[in-house]
Amino acid sequence: MTTPSELLELATRIAVTTGDLIARRRAEGVRVAASKSSLEDVVTDADREAETLIRSLIAEARPEDGFLGEESGAEAGTSGLTWVVDPIDGTVNYLYGIRQYAVSIAVVEGEPEPETWRALAGVVVNPAADEVFAASVGGGATLNGLPIRVAPPVDLSQALVGTGFGYLAERRVEQAKVLVGLVAQVRDIRRQGSAALDLCAVATGRLNAYFERGLKPWDHAAGGLIAAEAGARVSGRGGASASSEFLVAAEPSVAAALESVLDEPGN
Ligand code: IPD
Ligand code: CA
């Protein structure tokens, strides 16, 4: 049987190799290859090339495992494990040369659905910052090999809160309205453009909390485990599992306070 830390070792090797590739491609120049759910939701050649590389390295090392990737879809395996992959999280940052983008790779057990899966290993690599965030279940979380921890409890009024927006205009309008209700009740809001790195920011105490509606499984599979292993509560609404519907990640008392504000009518 392969242990979570062995899976993490392989995931990390693949993510670091892919991080080098996308940083190289970024330096060469990036162009939009196509748009997806809306004109704003773009894919670059580098996203596709990176996912092809990740997929082939996983298939070579672990042919029996399943795969779920942002750009190339799902393929069931026979081992009960699935690799959940976002080749470039923060694609719009990547397109603009903003250095907040990452390769995100997780290995999950069970059906590859966030409500029920058990994440075993997760790695998020930001090649532009030379940062490798990693965690295996029960093994704690690290940044470049050193243990990381969420920020200590704070009053919500002192919390720096990250969030994000979806790509569809109607969803964004709803998300912006929620921020109108929240912004006066927290220290400030950040929209950094990569859900995976937002979750890692919670794990290192760079953000007190992060929440978003409408994430895809590959946006939060690795970062969610990293935040949880660093001491965050990572969940959906009212104690449900994190899902495409909603995810909040923070030190547990901050998560509870944030959730109660988000539960107020109109939010
Ligand atoms: C997006 C980023 C963004 C978040 C969006 C995601 P992509 O992923 O993580 O921060 O707000 O919900 O779709 O498109 O850059 O891979
Ligand atoms: Ca993403």
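No hydrogens, no waters, no symmetry mates; every other heavy atom, side chains included, goes into these values. Counting convention: from 1, in listed order, for ligands and their atoms alike.
Heavy-atom proximity to atom 3 (C) of ligand 1, evaluated over Gln175, Arg191, Arg171, is greatest for Arg191.
Contacts between Ala195 and ligand 1 below 4.0 angstrom, taking non-hydrogen atoms only, involve backbone and side chain alike. At a heavy-atom distance under 4.0 Å, only side-chain atoms of Glu70, from C-beta outward, approach ligand 1. Within the 4.0 Å heavy-atom criterion, neither part of Tyr101 lies near ligand 1. When non-hydrogen atoms are compared, ligand 1 lies under 4.0 Å from the side chain of Asp86 (C-beta onward) but not from its backbone.
Between the side chains of Ser79 and Arg62, no donor-acceptor pair of N or O atoms lies under 3.5 Å. A side-chain N or O of Ser253 and one of Glu251 form a donor-acceptor pair less than 3.5 Å apart. Side-chain contact of Asp47 with Thr44: a donor-acceptor pair under 3.5 Å is present, judged by distance alone.
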Trace of the side-chain contact (heavy atoms from CB on, under 4.5 Å) decision for Asn208 with Leu258: CA-CA 10 Å; Asn208 294 103; Leu258 178 59; over 6 Å; no
Intermediate values then yes/no, side-chain contact (heavy atoms from CB on, under 4.5 Å), Gln192 and Leu207: CA-CA 11 Å; Gln192 306 193 95; Leu207 286 176; 3.9 Å; yes
side-chain contact (heavy atoms from CB on, under 4.5 Å) between Val85 and Trp218, worked out: CA-CA 5 Å; Val85 169; Trp218 43 80; 5.8 Å; no
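Interface atoms of ligand 1 facing Thr91, defined by a heavy-atom separation under 4.0 Å, are 15 (O), 16 (O). Atoms of ligand 1 found under 4.0 Å from any heavy atom of Gly193 (numbered from 1 in listed order, with element): 2 (C), 3 (C), 10 (O). Taking every non-hydrogen atom of Gly164 and a distance limit under 4.0 Å, the qualifying atoms of ligand 1 come out as 11 (O). Numbered from 1 in the order shown, with element, the atoms of ligand 1 that lie under 4.0 Å from a heavy atom of Ser194 read 9 (O), 10 (O). Atoms of ligand 1 found under 4.0 Å from any heavy atom of Ile88, numbered from 1 in the order shown, are 16 (O). Close contacts of ligand 1 with Glu212, meaning ligand atoms under 4.0 Å from a residue heavy atom, involve 4 (C), 5 (C), 11 (O), 12 (O). Near Gly90, meaning under 4.0 Å from any of its heavy atoms, are these atoms of ligand 1: 7 (P), 15 (O), 16 (O).
Remark: distances from the non-hydrogen atoms of Asp47 to ligand 1 are all 4.0 Å or more. At a 4.0 Å cut-off, at least one heavy atom of Tyr167 sits close enough to ligand 1 to count as contact.
The atom of Asp219 nearest to the Ca ion (ligand 2) is OD1, with the search restricted to N, O or S atoms. Asp89 contributes OD1 as its N, O or S atom closest to the Ca ion (ligand 2). Atom OD2 is the N, O or S atom of Asp86 at the shortest distance from the Ca ion (ligand 2).
By the 30° and 60° cut-offs, the orientation of the rings of Tyr101 relative to Tyr94 is perpendicular.
More than 12 heavy atoms of other residues, nucleotides or ligands sit less than 6.0 Å from atom CD of Glu64. Within 6.0 Å of CZ on Arg99 lie no more than 12 heavy atoms contributed by other residues, nucleotides or ligands.
The shortest N or O to N or O distance between Phe165 and ligand 1 is under 3.5 Å.
Ile148 CD1 to Arg206 CZ: the interatomic distance, rounded to the nearest 0.5 Å, is 8.5 Å.
The hydrophobic cluster containing Val178 also contains Ile189, counting ILVMFWY residues as joined when their side-chain heavy atoms lie under 4.5 angstrom apart, directly or transitively.
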